[in-house]
Number of protein chains: 2
Amino acid sequence: MVVPMQIARDHDRIFGALGDATRRDIVRRAIDGEEGVAQLASHYPMSFAAVQKHVAVLERAGLVHKHRIGRRKVIRTNLEGLRTARRLLDRYEELWRERVDRMDQLLKEAPKEAHR
Amino acid sequence: MVVPMQIARDHDRIFGALGDATRRDIVRRAIDGEEGVAQLASHYPMSFAAVQKHVAVLERAGLVHKHRIGRRKVIRTNLEGLRTARRLLDRYEELWRERVDRMDQLLKEAPKEAHR
DNA sequence: CATTGGTACAACCATACGGTTGTACGGCTC
DNA sequence: GAGCCGTACAACCGTATGGTTGTACCAATG
């Protein structure tokens with residue numbers, strides 16, 4: 001599994017963004033896609049600016065996007081971002097399964113080896 | 001989805017650990033579970049100690065574990081760690097789906113509302 | 001058009017992180 | 001048991017990160 005540098009950076013940003021509990025909670029809340037930055041900020045024990053930064057990190061990672069409604073900017077989770085992360089984890093699990101299969105195959109092909 | 005603090009910290013460590021390309025590559029290589037720290041280190045353009053630190057981060061996150069073979073310590077990926085991450089992403093996608101379902105339901109129940 | 005609500009961004013600070021080198025320790029091998 | 005291989009860890013350094021406060025900008029509202 002060779003990962004081109006650009007894709008690797010995308011993965012860095014996605015997993016890096018998800019490595020913070022506040023940001024994961026923003027992702028969860030933004031699934032409904034109804035709150036602006038100020039409303040989101042009201043849920044957390046930190047300044048508006050701090051939450052704004054978290055949102056910016058999520059946006060750069062492609063996990064959410066903003067869209068203007070009146071003077072608010074509503075944050076909505078981007079399903080594709082989540083799926084990108086999930087696909088990579090799926091791929092690792094697939095490699096795991098392939099390894100197990102290979103070991104099973106070895107045992108089947110040369111069962112007597114174990115006794116030599 | 002209320003996440004207890006301890007679990008949240010686990011998720012911090014898991015996603016945080018995956019937010020680095022070198023560490024993701026170690027996870028991938030360690031699926032085969034054959035290499036010690038020194039062998040792993042030989043693949044990357046950094047010191048042995050740096051790789052050792054990366055392995056320690058992965059270990060604390062529960063994504064790999066070490067097991068002694070002779071004087072080596074072989075690193076093996078822990079499937080459960082990967083699954084923990086995947087389950088959280090699955091949960092987000094499920095919330096997404098539920099939201100879409102709710103919206104569909106609203107449209108079905110009150111189709112004429114849209115015209116008022 | 002003055003005001004207010006919502007957002008953006010710069011400057012700053014403390015701490016965490018990713019890397020380095022150097023030293024020490026445990027376990028094969030001779 | 002001397003020496004070497006593989007690992008562990010401490011100390012250090014530069015930069016990134018997560019937080020703060022303060023200022024500035026737009027857009028709806030009166």
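Residue numbers begin at 1 in each chain, while the letters A, B, ... track the order of the sequences.
- Taking a cutoff of 4.0 Å between a charged side-chain nitrogen and a carboxylate oxygen, A:Arg72 and A:Glu34 do not qualify as a salt bridge.
- We find that CD1 of B:Ile69 is positioned 15 Å from C1' of C:dC28, with the value rounded to whole Å.
- For the residue pair A:Arg9 and A:Gln6, a side-chain donor N or O sits within less than 3.5 Å of a side-chain acceptor on the partner.
- Residue B:Ile31 holds its CD1 atom at 4.5 Å from CG of A:Leu95, rounded to the nearest 0.5 Å.
- Rounded to an integer number of Å, the gap from B:Asp12 CG to C:dC17 C1' is 15 Å.
- Salt-bridge annotation for A:Asp90 and A:Arg86: present, with a side-chain N of the basic residue lying under 4.0 Å from a carboxylate O of the acidic one.
- The nearest whole Å value for the distance from the CG atom in B:Leu58 to the C1' atom in C:dG18 is 13 Å.
- Looking at A:Asp32 and B:Arg102, a side-chain N of the basic residue comes within less than 4.0 Å of a carboxylate O on the acidic one, giving a salt bridge.
- Residue A:Glu34 contributes atom CD, which lies 18 Å from atom C1' of C:dG6 at whole-angstrom precision.
- Between B:Glu59 atom CD and D:dT7 atom C1' the separation is 12 Å, expressed in whole Å.
- The closest side-chain donor-acceptor pair between A:His43 and A:Arg29 falls under 3.5 angstrom.
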Please tabulate, one pair per line, each protein N/O and nucleotide N/O from nucleotides 15-23 of chain D that are separated by under 3.5 Å, including the distance.
from, atom 1, to, atom 2, distance (Å)
D:dG18, OP1, A:Arg23, NH2, 3.1
D:dG18, OP2, A:Arg23, NH1, 3.2
D:dG19, OP2, A:His54, NE2, 2.2
D:dG19, N7, A:Lys53, NZ, 3.0
D:dG19, O6, A:Lys53, NZ, 2.1
D:dT20, OP1, A:Ser47, N, 3.3
D:dT20, OP2, A:Ser47, N, 2.7
D:dT20, OP2, A:Ser47, OG, 2.6

When you look at A:Glu80 and A:Arg87, which way does the salt bridge (charged side-chain N to carboxylate O under 4.0 Å, His left out) test go after all the steps? CA-CA 10 Å; A:Glu80 249 337 286; A:Arg87 272 196 298 268; 3.4 Å; yes
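- Rounded to whole Å, the distance from NZ on B:Lys66 to P on D:dG6 is 16 Å.
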Between protein and nucleotides 23-27 of chain C, what N or O pairs are separated by less than 3.5 Å?
from, atom 1, to, atom 2, distance (Å)
C:dG27, N2, B:Arg71, NH1, 3.1

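- Listed pair A:Lys73 / D:dA27 fails the phosphate criterion, with no side-chain N or O lying under 4.0 Å from OP1 or OP2.
- If you take CD of A:Gln52 and P of C:dA11, they are 16 Å apart, rounded to a whole angstrom.
- We find that CG of B:Leu18 is positioned 12 Å from P of C:dG18, with the value rounded to whole Å.
- Residues B:Val27 and B:Leu82 form a side-chain contact, since some pair of their non-hydrogen atoms from C-beta on lies under 4.5 Å apart.
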Salt bridge (charged side-chain N to carboxylate O under 4.0 Å, His left out) between B:Asp104 and B:Lys108: does it pass, once the steps are laid out? CA-CA 6 Å; B:Asp104 285 355; B:Lys108 252 187 240 160; over 6 Å; no
